[in-house]
**Q** 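Pasting in a structure now, in structure tokens, and then I'll have a few things to ask.
Keep in mind it's a predicted model, so treat the numbers as computed, not measured.
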Amino acid sequence: MPIKEPTTNPPRMHIVPLLAQRFFKDYDAGVQSYSLPQQLELTEHLLHVLTIFRKYQPDEQESIFTQYREKEEALLKKYGKTGKPYFDRQFHRYFYFETVLADKGIFESEVFNNLPGDQQGLTLDEIHQFIQVCHNNLSNAKIFLYLQMEPEAAAAVVPEPAGSDNEMTKARQLLAIFYLLKTGFAIEHRDTHSVSAVAQLVHLLTGTKFTTTQNSDIYKKYASMPNYNKGEQLIADLQFIQPYFNRLNMQEAVQLIEEEINRAIKDLPAGTRNKYRNKEI
């Protein structure tokens, strides 16, 4: 049952659900006037922003907000005056965690001002809960948008690469599943779920029989994802799977893969790194 919006002082346990409801209302209002492809782009943009704030820690605010400002400025430059409906929703205020409860009307001003200082802002745990709930809701919204789109033309279907049976290695399958679960469902084996639970799902998705965790080669490989392979082999694996996400317009996954490629290139010996010089972003 939805929680009613407060008129005075909501219980603390209702803070995160209420704030997430307000965020999603602003999202709906902010994207509704745009075309379907633009709605999808704006949704992907917000998902990437939320991914940035997943790493929020009080002593890393400057780095987090620098990344956020860069994303917002790039979007503003692209949309110009047509971005007004989106930017009018003032999404940036959701990330001012010390004042968001007043800025977004969770507490009335008088109630907010009478709260003890340590209760006016979100706690670190509440911040992470809020980010996770919003990310889950937007991931569902993205799926709904895809279901409204026309299928891509046959010419745009990913072609079967030469020697594809040999190139579809287990490591590449696991990498693709890793980024699919991470960006589409906020499932990461080291942070949100156990390696064992994720590995059993991967056995199902790859049609590989599961007996025990101790006997699972998939478990051993997935535990070190995305860095099961190293160096040039990792770069080749990442470059192989990236176009599949790009053709599905899963830009958060494309961006994370690109970042991992760049990290892998920087870790190469200087002589080997030179041949990738023009491939780094």
Side-chain angles (χ1 to χ4, degrees), residues 37 40-41 43-45 47-52 54-55 67 70-71 74 78 139 142-143 146 149 151-191 195 198-199 201-203 205-208 217-281:
L40 189 57
E41 181 177 28
T43 304
E44 287 278 4
H45 171 79
L47 280 168
H48 194 78
V49 166
L50 291 168
T51 298
I52 291 172
R54 273 183 176 165
K55 304 173 184 177
Q67 295 177 61
E70 289 174 353
K71 292 290 293 180
K78 179 173 182 177
S139 294
K142 182 176 72 171
I143 293 172
Y146 274 125
M149 296 182 72
E152 294 183 0
V157 173
V158 178
E160 276 290 316
S164 60
D165 286 344
N166 293 329
E167 292 181 348
M168 293 289 189
T169 63
K170 185 68 72 179
R172 290 174 178 180
Q173 285 182 307
L174 298 184
L175 267 179
I177 292 171
F178 169 79
Y179 285 107
L180 178 64
L181 294 178
K182 180 180 176 70
T183 60
F185 301 95
I187 293 175
E188 188 164 2
H189 55 290
R190 286 183 293 270
D191 294 340
V195 180
V198 176
L201 174 63
V202 175
H203 271 272
L205 295 176
T206 58
T208 306
D217 186 53
I218 285 177
Y219 175 89
K220 296 169 186 174
K221 290 179 178 179
Y222 202 88
S224 58
M225 284 291 152
N227 302 117
Y228 169 70
N229 283 324
K230 306 289 184 184
E232 290 191 88
Q233 184 58 61
L234 174 60
I235 294 168
D237 291 343
L238 291 165
Q239 289 175 335
F240 182 86
I241 69 170
Q242 190 179 40
Y244 292 87
F245 290 96
N246 201 28
R247 286 178 171 85
L248 290 171
N249 199 29
M250 297 180 68
Q251 292 306 309
E252 184 181 354
V254 172
Q255 181 64 32
L256 290 178
I257 293 169
E258 193 63 52
E259 291 170 1
E260 191 63 42
I261 290 172
N262 288 337
R263 276 193 291 269
I265 291 174
K266 289 175 183 176
D267 289 341
L268 292 172
T272 307
R273 194 186 312 139
N274 289 336
K275 72 180 183 180
Y276 295 97
R277 185 176 298 163
N278 295 328
K279 298 182 181 179
E280 287 188 82
I281 291 182

**Q** Could you state the interatomic distance from CD1 (I257) to CZ (F240), rounded to the nearest 0.5 Å?
**A** 12.0 Å
**Q** Which residues satisfy the side-chain contact (heavy atoms from CB on, under 4.5 Å) test with E260, sequence neighbours excluded?
**A** Y179, P226, N227, L234, L238, R263
**Q** What residues, two or more places apart in sequence or in another chain, satisfy side-chain contact (heavy atoms from CB on, under 4.5 Å) together with L180?
**A** F245, M250
**Q** Could you state the interatomic distance from CG (N229) to CG (D237), rounded to the nearest 0.5 Å?
**A** 5.0 Å
**Q** For the residue pair A176 and I241, what are the closest heavy atoms and their distance?
**A** N-CD1, 3.9 Å
**Q** Kindly compute the distance separating CG (L256) from CD (Q242), expressed to the nearest 0.5 Å.
**A** 10.5 Å
**Q** Give the minimum heavy-atom separation between A199 and I218, together with the two atoms involved.
**A** O-CG2, 4.2 Å
**Q** Is the shortest heavy-atom distance from the side chain of L268 to the side chain of I235 under 4.5 Å?
**A** yes
**Q** Nearest 0.5 Å, please: how far is OG1 in T183 from CZ in F178?
**A** 9.5 Å
**Q** Under the rule for side-chain contact (heavy atoms from CB on, under 4.5 Å), what residues qualify as partners of D267, not counting sequence neighbours?
**A** none
**Q** Taking the side chain as everything from C-beta on, heavy atoms only, tell me whether L181 gets closer than 4.5 Å to L201.
**A** yes
**Q** State which residues pass side-chain contact (heavy atoms from CB on, under 4.5 Å) with K71; sequence neighbours excluded, sorted by chain then number.
**A** H45, H48, I52
**Q** Taking side-chain hydrogen bond (donor to acceptor under 3.5 Å, both in side chains) as the test, write out the residues that go with Q251, two or more places apart.
**A** N246, N249
**Q** Provide the closest heavy-atom pair for A186 versus R54 in the form atom of the first, atom of the second, distance.
**A** CB-NH2, 2.6 Å
**Q** Nearest 0.5 Å, please: how far is NZ in K221 from CD in Q173?
**A** 9.5 Å
**Q** With sequence neighbours excluded, tell me which residues meet side-chain hydrogen bond (donor to acceptor under 3.5 Å, both in side chains) with E41.
**A** K78, Y79
**Q** Is Q255 close to T51 at the side-chain level, that is, under 4.5 Å between some pair of heavy atoms?
**A** no
**Q** So, taking the atom named NZ in K142 and the one named CD in E44, what distance separates them when rounded to the nearest 0.5 Å?
**A** 4.0 Å
